[in-house]
Number of protein chains: 2
Amino acid sequence: MIVFFNGQFVPEEQARVSIFDRGFLYGDGLFETVRVANGKPFRWDQHLRRLWTGLSYLKLELPFSPEDLTVIATELVQRNQTRDALLRLVVSRGVGPRGYSSRGTGHPSVVMSLHAAPGIDADVPRRWRLATSSVRLASAEPLSMFKTCNRLTQIVARAEADAVGADEALLRNAEGWAVEGTGSNLFWIRDGAVCTPPLSSGALPGITRAAIFELCQRLGLTCQETNIRVEQLLLSEGVFLTLSSLGMVVASQLNKQPLGHSATADRIRDAYAELLLSETQP
Amino acid sequence: MIVFFNGQFVPEEQARVSIFDRGFLYGDGLFETVRVANGKPFRWDQHLRRLWTGLSYLKLELPFSPEDLTVIATELVQRNQTRDALLRLVVSRGVGPRGYSSRGTGHPSVVMSLHAAPGIDADVPRRWRLATSSVRLASAEPLSMFKTCNRLTQIVARAEADAVGADEALLRNAEGWAVEGTGSNLFWIRDGAVCTPPLSSGALPGITRAAIFELCQRLGLTCQETNIRVEQLLLSEGVFLTLSSLGMVVASQLNKQPLGHSATADRIRDAYAELLLSETQP
């Protein structure tokens with residue numbers, strides 16, 4: 001595979017960063033995972049906006065503009081002759097002097113790569129078994145607003161889920177509210193309304209999460225941000241997760257207990273599949 | 001400089017990791033910074049013990065034993081013909097499939113490098129200006145027990161300190177207690193007793209922190225773990241920070257207000273300098 005690495009398109013084997021890159025040493029960077037369908041990155045502008053908010057918070061200046069990255073993404077897809085893929089964009093602060101101070105760092109690392117995409121056919125059944133993680137997220141923590149390269153909390157939680165045969169972990173915050181999956185936002189349906197935790201709970205402002213808000217409006221569904229306990233999820237009409245790679249995934253189980261099957265969730269899933277196709281059509 | 005990288009000693013320019021290394025992508029790794037004096041790594045066994053506790057928590061298996069790493073560290077110091085340095089040991093989970101699950105990852109990356117050491121002469125005046133950071137640490141969070149490669153909280157806090165002309169940031173936890181610096185443990189002296197926050201506050205179990213406990217016992221000083229508010233630090237008899245690279249550093253200011261100068265702190269600093277020399281003598 002050809003990847004983009006610091007200004008050049010190179011075979012992936014040749015794309016290597018210094019052992020003194022602050023991404024490798026401290027996770028000092030940000031990333032985005034973007035669905036490519038019909039050769040086009042879906043909701044690319046939203047991903048770039050979130051990335052730039054994070055760059056600004058971390059005071060990390062890229063040598064590329066959003067427009068540059070758009071041109072690069074297009075060329076990357078063309079060079080790899082792929083139509084359906086996941087595009088991963090990673091930026092780190094690059095090499096600097098030893099220590100946490102970002103003084104004296106100059107050249108960020110910028111990487112773009114493509115990865116195998118899951119099928120985009122909305123009819124493929126995808127139902128996840130969830131398991132509550134013992135790991136807690138910090139709520140109202142500025143860094144939780146971005147996809148930073150500090151992902152050990154998610155890695156530990158995901159390992160717990162793997163160990164009990166679940167497909168995704170459900171993370172709670174310090175106050176005990178259910179927040180999100182390791183790589184997905186959480187939604188549930190209650191009294192016909194589509195609910196998701198507010199960002200103040202520590203949930204990532206997911207690009208797919210925002211797309212679900214739009215779809216609910218179009219479908220005439222009530223959508224609200226509210227907190228919920230894990231036990232209450234079991235009493236809801238249905239639970240689903242959203243993530244850029246797969247879009248929307250219905251949850252079938254939570255801690256080995258069955259979850260409700262909601263016709264509303266099915267409607268949203270179908271509408272999301274249509275949205276993806278319509279926005280990326282040639 | 002010659003570095004150790006995945007089984008080989010190579011010039012640092014040749015030590016490069018894959019852009020798909022989970023250290024670079026997610027900070028999925030651990031590190032230790034060890035003072036080398038008289039050609040010997042100081043308190044090496046303690047550093048390795050902390051590293052191995054973290055490896056076990058993260059279920060990360062190294063292809064090297066602690067004994068192997070000891071031999072490698074010795075050879076690294078010899079090859080670089082240095083007597084005084086900082087040794088940085090970084091391990092990451094290496095390359096694996098896309099996503100947070102650590103399934104399918106096989107070959108951790110192991111890096112050892114040497115960096116310029118600060119002077120070891122205890123008479124060199126080192127007094128730090130501290131500034132309270134707006135960033136909060138999670139308390140009672142398992143990951144805070146290890147030096148993980150997830151260091152964005154520390155990087156953001158350190159940037160705040162840099163911005164106000166301070167030498168180190170002081171971090172509080174969600175409950176508002178003072179916890180530690182970005183790369184240093186916090187101590188203060190009150191009624192002649194040497195105090196430091198308990199690990200339950202979110203403080204890192206620093207190797208130098210533990211050495212200070214030992215020294216207090218030898219010097220007949222009371223040492224206690226207790227919580228403190230930032231404002232109370234200003235009323236203490238003196239404040240100091242501990243870190244492997246510099247040992248002990250007295251704080252002269254906190255948020256631009258002067259801190260007390262304690263003869264007890266001076267005694268501990270001198271005793272620490274002696275300890276370093278005696279344990280590393282040829």
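Keep in mind that this is a model prediction, so the values were computed, not measured. Every chain is numbered from 1, with letters handed out A, B, ... down the list of sequences.
Taking B:C149, B:G23, B:G27, B:S109 one by one and counting their heavy-atom pairs under 4.5 Å with chain A, the maximum is reached by B:C149. With chain A as the partner, the residue from B:S134, B:A116, B:A15, B:A161 showing the most heavy-atom pairs under 4.5 Å is B:A15. The most heavy-atom pairs under 4.5 Å with chain B, out of A:R88, A:R93, A:Q154, come from A:R88.
Considering CZ of A:F24 and CZ of B:R16, their distance stands at 12.5 Å, rounded to 0.5 Å.
Between A:V3 and B:I19, some side-chain heavy-atom pair lies under the 4.5 Å cut-off. At a threshold of 4.5 Å between non-hydrogen side-chain atoms, the residues A:L25 and B:F31 do not count as touching.
For chain A, no part of B:A138 is nearby; none of its heavy atoms comes within less than 4.5 Å. Both the backbone and the side chain of B:D28 come within contact range of chain A, with heavy atoms under 4.5 Å apart. Both the backbone and the side chain of B:V17 come within contact range of chain A, each with at least one heavy atom under 4.5 Å from a heavy atom of that chain. Interface remark: A:V156 contributes side-chain atoms only to the contact with chain B (heavy atom separation under 4.5 Å). Contact annotation for B:T153: both backbone and side-chain heavy atoms come within less than 4.5 Å of a heavy atom of chain A. Both the backbone and the side chain of B:I155 come within less than 4.5 Å of a heavy atom in chain A. Within the 4.5 angstrom heavy-atom criterion, atoms from both the backbone and the side chain of A:L152 approach chain B.
With sequence neighbours excluded, the residues satisfying side chain to side chain contact (heavy atoms under 4.5 Å, CB included) with A:S101 are A:R103, B:R158, B:D162.
Counting non-hydrogen atoms of neighbouring residues, nucleotides and ligands closer than 6.0 angstrom, the CD atom of B:E13 exceeds 12 such neighbours. For B:E61, the CD atom is loosely surrounded, since the number of other residues' heavy atoms within 6.0 Å does not exceed 12.
When all heavy atoms are compared, the tightest approach of B:R151 to A:N150 is N-OD1, 3.1 Å. The minimum heavy-atom distance linking A:R136 with B:E141 is given by the pair O-OE1, 3.9 Å.
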